[in-house]
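The figures here come from the full heavy-atom set of this structure, side chains too, leaving out hydrogens, waters and symmetry mates.
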Amino acid sequence: QVQLVESGGGLVQAGGSLRLSCAVSGRTFSRYKMGWFRQTPGKEREFVAAIVWSSAATYYADSVKGRFTISRDNAKNVVYLQMNSLKPEDTAVYYCAADRADWSPALEAEYDYWGQGTQVTVSS
């Protein structure tokens with residue numbers, strides 16, 4: 001069973017930075033596609049960023065491109081989301097997700113494993 005635990009959320013002022021971490025259990029972390037999604041009350045969960053294992057290619061939602069960076073440390077079984085130039089509209093619960101299938105990195109339905117989420121609040 002794969003387990004994901006997010007950390008690093010919190011309260012930050014607009015323009016500030018946060019780094020989210022997602023620790024993943026399992027011996028084959030290096031062969032998992034990893035993604036970050038976020039959700040605000042009353043809205044559907046939306047794609048933020050993803051990194052595939054086959055090529056280490058990264059993908060970003062247009063709303064975060066140039067501000068957020070996803071990376072992974074296969075030796076530590078951790079995936080990160082560095083968030084810079086944060087805006088109030090980035091406020092959400094952020095979820096880490098994993099899947100062995102390396103395609104469709106932006107589709108929520110293509111991820112089998114999810115963390116419990118971490119709250120990010122950006123004040124104006």
Side-chain angles (χ1 to χ4, degrees):
Q1 182 71 12
V2 177
Q3 292 186 324
L4 289 72
V5 179
E6 301 99 335
S7 61
L11 174 65
V12 64
Q13 288 188 332
S17 298
L18 281 176
R19 188 177 79 159
L20 304 184
S21 300
C22 175
V24 183
S25 67
R27 291 175 292 179
T28 57
F29 169 77
S30 62
R31 287 185 171 264
Y32 281 98
K33 169 184 69 187
M34 299 300 303
W36 286 96
F37 291 76
R38 66 187 181 187
Q39 188 172 26
T40 54
K43 293 187 177 181
E44 293 186 353
R45 194 151 49 185
E46 65 173 3
F47 169 73
V48 175
I51 183 167
V52 300
W53 63 262
S54 57
S55 65
T58 56
Y59 303 85
Y60 297 94
D62 288 343
S63 59
V64 307
K65 206 170 291 183
R67 300 187 297 122
F68 290 11
T69 303
I70 187 171
S71 61
R72 65 192 301 160
D73 185 334
N74 290 336
K76 295 182 179 179
N77 280 22
V78 178
V79 62
Y80 303 100
L81 184 68
Q82 178 67 43
M83 306 186 294
N84 299 328
S85 302
L86 282 161
K87 304 175 181 180
E89 51 263 45
D90 294 318
T91 295
V93 176
Y94 283 71
Y95 296 90
C96 174
D99 197 86
R100 288 196 177 98
D102 216 28
W103 53 79
S104 301
L107 294 183
E108 179 181 353
E110 293 295 329
Y111 289 85
D112 280 343
Y113 306 104
W114 291 83
Q116 81 289 351
T118 186
Q119 176 71 46
V120 171
T121 303
V122 184
S123 64
S124 57

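- When side chains are defined from C-beta on, Y94 does not count as touching E6, because their heavy atoms never get closer than 4.5 Å.
- With rounding to the nearest 0.5 angstrom, the CG atom of L18 is 9.0 Å from the OG1 atom of T118.
- A donor-acceptor contact closer than 3.5 angstrom is absent between the side chains of R72 and Y80.
- Side-chain contact between W103 and V52: absent, with no pair of heavy atoms (C-beta onward) separated by less than 4.5 Å.
- The line from CZ of R19 to CE of M83 is 11.5 Å long, rounded to the nearest 0.5 Å.
- Sorted by first then second residue, the salt bridge (Lys or Arg N to Asp or Glu O under 4.0 Å) pairs that include residues 87-99, not counting sequence neighbours, are R38-D90, R67-D90.
- In this structure the side chain of Y59 never reaches within 4.5 angstrom of the side chain of K33, judged on heavy atoms.
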Point to revise | D112 and R100: CA distance, side-chain angles, deciding distance, side-chain contact (heavy atoms from CB on, under 4.5 Å) verdict | key: CA-CA 8 Å; D112 280 343; R100 288 196 177 98; over 6 Å; no
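- V24 has its side chain out of reach of Y113: every pair of non-hydrogen atoms, C-beta onward, lies at least 4.5 Å apart.
- When all heavy atoms of M34 and C96 are compared, the pair lying nearest together is CE-SG, 3.6 Å.
- Dense packing is recorded around NZ of K65, with more than 12 heavy atoms of other residues, nucleotides or ligands lying under 6.0 Å away.
- Between F29 and N74 the shortest heavy-atom distance is CE2-OD1, 3.2 Å.
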Exercise for review: May I have the step-by-step check of side-chain contact (heavy atoms from CB on, under 4.5 Å) for V79 and I70, ending in yes or no?
Suggested key: CA-CA 7 Å; V79 62; I70 187 171; 3.9 Å; yes
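- D102 contributes a side-chain N or O that, together with a main-chain N or O of W53, makes up a donor-acceptor pair within less than 3.5 Å.
- Less than 6.0 angstrom separates the ring centroid of F37 from the ring centroid of Y111.
- The minimum heavy-atom distance between A49 and Y60, with the atom names listed, is CB-CD2, 3.6 Å.
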Exercise for review: Apply side-chain contact (heavy atoms from CB on, under 4.5 Å) to the pair Y95 and L20, showing each step before the final yes or no.
Suggested key: CA-CA 10 Å; Y95 296 90; L20 304 184; over 6 Å; no
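- Looking at heavy atoms from C-beta onward, T91 lies in side-chain contact with Q119 at the 4.5 angstrom threshold.
- Note that SG of C22 and CG of N77 are 10.0 Å apart. Values are rounded to the nearest 0.5 Å.
- The minimum heavy-atom distance between P105 and F47, with the atom names listed, is O-CE1, 3.5 Å.
- In plain terms, the two heavy atoms of Q82 and N84 that are nearest each other are NE2-OD1, 2.9 Å.
- Under a hydrophobic-cluster definition in which Ile, Leu, Val, Met, Phe, Trp and Tyr are linked whenever side-chain heavy atoms come within less than 4.5 Å, directly or via other members, W36 and I51 are assigned to the same cluster.
- Summarising the geometry of L11 relative to S123, their closest heavy-atom pair is CD1-CB, 4.3 Å, with the distance given to 0.1 Å.
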